[in-house]
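When a residue number appears, it is its place in the shown sequence, counting from 1.
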Amino acid sequence: MKLIWLGHSGFRIESGDAVILLDPFLTGSPVFPHAKRDEAIKGATHVLLTHGHGDHASDAASISKELGIPVYCIHEMSIILGKDGAETVGFGKGGTVDLNGVKVTMVNATHSASIDYKGGDPIYAGQPAGFMIEAEGHTIYVTGDTDVMADMEWMGELHNPDIGIIAAGGHYTMDMKRAAWAAKKYFNFKTVIPCHYKTFPLLEQSAQPLADALPGVDVIEPEILKVIEI
């Protein structure tokens, strides 16, 4: 399995016949190299979205239309993106979908979730979510944008993820200190990959505090478009 960071919270996840673009914020991203867009999305089979904010979902409809691939997201957002011409599959928390052999279960997150990138007032787009992604003998917990929450206790017990893709930039989500506390309290991660940081000056710029707080865990500070092989 290959995990490739696209900057911010975006990842390209390759496993078998699945190439999943998770929260692919490319257009307008101050850190993504725009000349590499075609490389980043080439061969993608699915788009997977945690919520509707522009730094996660604004490219989803255009990628869906360009590549002819479906966007998987919470029900309400699927309706809105469908009106924008995207092929969509809406599902809900507790639901599991099969993306070419990769099993994705939607779980809770605590955040806001409007579509805020169309101009005018924000548009209600369902609730924020995270995902448990099962592939090749691993379970990846994608936190989505969230703070620490009590739901993480049962998530850790029920799904037992060994890899965490954790939003930890602070201000809008957990910071590194809170993310480390949650990781130790609720999970038994072997690998942790921070995200939703370094994109803007307002966010934390280093994951060193996370790594320092998680001895024995492989904390990988991702580099844009560099492959992480699991």
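Between E66 and I41 there is a side-chain heavy-atom pair separated by less than 4.5 Å. The shortest distance between side-chain heavy atoms of N188 and K190 falls below 4.5 Å. In this structure the side chain of I133 reaches within 4.5 angstrom of the side chain of I13, judged on heavy atoms. Residues T143 and H196 have side chains not in contact (no heavy-atom distance under 4.5 Å, counting atoms from C-beta outward). Put simply, the side chain of N160 does not reach to within 4.5 Å of the side chain of M132, judged on heavy atoms. In this structure, V31 and K198 have side chains that are not in contact, with every pair of non-hydrogen atoms separated by 4.5 Å or more. In this structure, the side chains of I69 and E87 stay at 4.5 Å or more apart for every pair of heavy atoms. You'll find the side chain of T50 stays beyond 4.5 Å of the side chain of P128, heavy atoms only.
Across D145 and S9, no two heavy atoms sit closer than the pair OD1-OG, 4.1 Å. Residues S15 and E136 come closest through the heavy atom pair OG-OE2, 2.6 Å. Of all heavy-atom pairs between L49 and A57, the closest is CD1-CB, 3.9 Å. Nearest heavy atoms, G82 versus T88: N-CG2, 3.8 Å. A86 and V71 make their closest contact through CB-CG2, 4.4 Å (heavy atoms, listed as atom of the first residue, atom of the second, distance). Of all heavy-atom pairs between K65 and G85, the closest is CG-O, 3.2 Å.
With hydrogens and angles ignored, the 3.5 Å screen pairs a side-chain donor or acceptor of T146 with a backbone N or O of T110. Counting only distance, with no hydrogens or angles, the side chain of Q205 and the backbone of F200 share a donor-acceptor pair below 3.5 Å. The main-chain N or O of D59 is found under 3.5 Å from a side-chain atom of S62 such that the two form a donor-acceptor pair.
Between Y186 and W181, the two ring planes are perpendicular [angle over 60°; tilted spans 30° to 60°]. Taking the six-membered ring where tryptophan is involved, the planes of F189 and F187 are essentially parallel, since the angle between them stays under 30° and well short of 60°. Aromatic ring pairs are classed by plane angle as parallel below 30°, tilted from 30° to 60° and perpendicular above 60°; the pair W5 and Y197 is parallel. Between F25 and H8, the ring planes are perpendicular. Angles over 60° get that label, and only those under 30° would be called parallel.
Under the 4.5 Å side-chain heavy-atom criterion for Ile, Leu, Val, Met, Phe, Trp and Tyr, L158 and V107 are members of the same hydrophobic cluster. One hydrophobic cluster, built from ILVMFWY side chains closer than 4.5 Å, holds both F11 and V102. Under the 4.5 Å side-chain heavy-atom criterion for grouping Ile, Leu, Val, Met, Phe, Trp and Tyr, V19 is not connected to V227 through any hydrophobic cluster. Using a 4.5 Å cut-off between side-chain heavy atoms of Ile, Leu, Val, Met, Phe, Trp and Tyr, with links allowed through other members, Y117 and F32 fall into the same hydrophobic cluster. Under the 4.5 Å side-chain contact rule for hydrophobic residues, V104 and V89 share a cluster.
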Could you give me the CA-CA distance, side-chain angles and deciding distance for D84 and K118, then say whether salt bridge (charged side-chain N to carboxylate O under 4.0 Å, His left out) is met?
CA-CA 11 Å; D84 290 337; K118 292 190 171 190; 2.8 Å; yes
Audit row: S29, L26, side-chain contact (heavy atoms from CB on, under 4.5 Å) steps and yes/no:
CA-CA 5 Å; S29 169; L26 309 179; 5.8 Å; no
I'd like to know whether I220 forms a side-chain contact (heavy atoms from CB on, under 4.5 Å) with L3, so could you lay out the CA-CA distance, the side-chain angles of the two residues, the decisive distance to 0.1 Å, and finally the verdict.
CA-CA 11 Å; I220 301 173; L3 307 178; over 6 Å; no
What verdict does the side-chain contact (heavy atoms from CB on, under 4.5 Å) test give for N108 and M155, after you've listed the backbone C-alpha separation in whole Å, the side-chain angles of each residue and the deciding distance to 0.1 Å?
CA-CA 9 Å; N108 197 31; M155 289 180 191; 4.0 Å; yes
Walk me through it: do C73 and L81 pass the test side-chain contact (heavy atoms from CB on, under 4.5 Å)?
CA-CA 10 Å; C73 58; L81 295 179; 4.3 Å; yes
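The line from CE of M152 to OH of Y141 is 4.0 Å long, rounded to the nearest 0.5 Å. Atoms CG and OG1, on L67 and T45 in that order, are 10.0 Å from each other to the nearest 0.5 Å. Residue T191 holds its OG1 atom at 9.0 Å from CD1 of I228, rounded to the nearest 0.5 Å. Here D98 contributes atom CG and N100 contributes atom CG; the two are 7.5 Å apart, rounded to the nearest 0.5 Å. Atom-to-atom distance recorded for I230:CD1 and H138:NE2 is 6.5 Å, nearest 0.5 angstrom. Between R12 atom CZ and L225 atom CG the span is 9.5 Å, to the nearest 0.5 Å.
Within 6.0 Å of CD on E221 lie more than 12 heavy atoms contributed by other residues, nucleotides or ligands. Within a 6.0 Å radius of CZ in R178, other residues, nucleotides and ligands contribute 12 heavy atoms or fewer.
For Y172 and H111, the distance between ring centers is not under 6.0 angstrom.
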